[in-house]
Amino acid sequence: MKSIVQTDRTKTCYVCGTTQNIHLHHCFFGNPNRKLSDKYGLVVHLCYLHHNGSNEGVHFNKDLDNHLKQLAQTKFEEVHGSREDFVRIFGKNYL
């Protein structure tokens with residue numbers, strides 16, 4: 001799947017840059033947001049520690065989670081449409 005958030009085609013952690021133990025993170029997760037993240041390219045690569053392997057991971061670190069959601073919304077608005085479109089699709093404004 002092609003990411004519009006992380007355009008580097010190598011699978012490196014968005015946070016630390018490692019290429020070890022990489023996971024695909026959907027910026028908006030849970031049903032139906034996971035499928036919408038796939039559809040619109042709102043995904044990034046994260047290493048195990050920055051995904052869900054430590055308190056620094058996006059699933060436990062609200063600041064990192066919010067940062068990725070804001071970045072994803074900004075990219076969505078650049079590529080796919082307006083803020084109104086984003087809110088209509090994802091149900092919330094993160095900016």
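Contacts of Thr10 classified as side-chain hydrogen bond (donor to acceptor under 3.5 Å, both in side chains), with partners at least two apart in sequence or in another chain: Asp8. Checked against side-chain hydrogen bond (donor to acceptor under 3.5 Å, both in side chains), Glu77 has the following partners two or more places apart in sequence or in another chain: Gln73, Arg83.
Between Phe86 and Phe28, a ring centre-to-centre spacing shorter than 6.0 Å is recorded. A distance below 6.0 Å separates the ring centres of His59 and Phe29.
Between Ile22 and Tyr48 the shortest side-chain heavy-atom distance does not fall below 4.5 Å. Looking only at side-chain heavy atoms (C-beta outward), Tyr14 and Leu68 come within less than 4.5 Å of each other. Looking at heavy atoms from C-beta onward, Leu71 lies out of side-chain contact with Lys69 at the 4.5 angstrom threshold. Looking only at side-chain heavy atoms (C-beta outward), Asp65 and Phe60 stay at 4.5 Å or farther from each other. Between Val43 and Ser3 there is a side-chain heavy-atom pair separated by less than 4.5 Å.
Within the 3.5 Å criterion, the main-chain N or O of Thr12 finds no donor-acceptor partner in the side chain of Thr19. With hydrogens and angles ignored, the 3.5 Å screen pairs a side-chain donor or acceptor of Gln6 with a backbone N or O of His45. Here the side chain of Gln70 pairs no donor or acceptor atom with the backbone of Leu95 at under 3.5 angstrom.
Note on Tyr94: it clusters hydrophobically with Ile4, by side-chain heavy-atom contacts below 4.5 Å among ILVMFWY residues. Under the 4.5 Å side-chain heavy-atom criterion for grouping Ile, Leu, Val, Met, Phe, Trp and Tyr, Leu49 is not connected to Val58 through any hydrophobic cluster. Residue Val79 is grouped with residue Leu42 when hydrophobic side chains (ILVMFWY) are merged at heavy-atom distances under 4.5 angstrom, including chains of intermediate members.
Salt bridge Asp38/Lys35: absent, no basic N to carboxylate O contact under 4.0 Å.
Donor-acceptor pairing under 3.5 Å is lacking for the side chains of Glu56 and Ser54.
Shortest non-hydrogen contact noted between Leu24 and His51 is O-NE2, 4.1 Å. Minimum interatomic distance between Cys47 and Cys13 (heavy atoms only, all atoms of both residues): N-SG, 3.3 Å.
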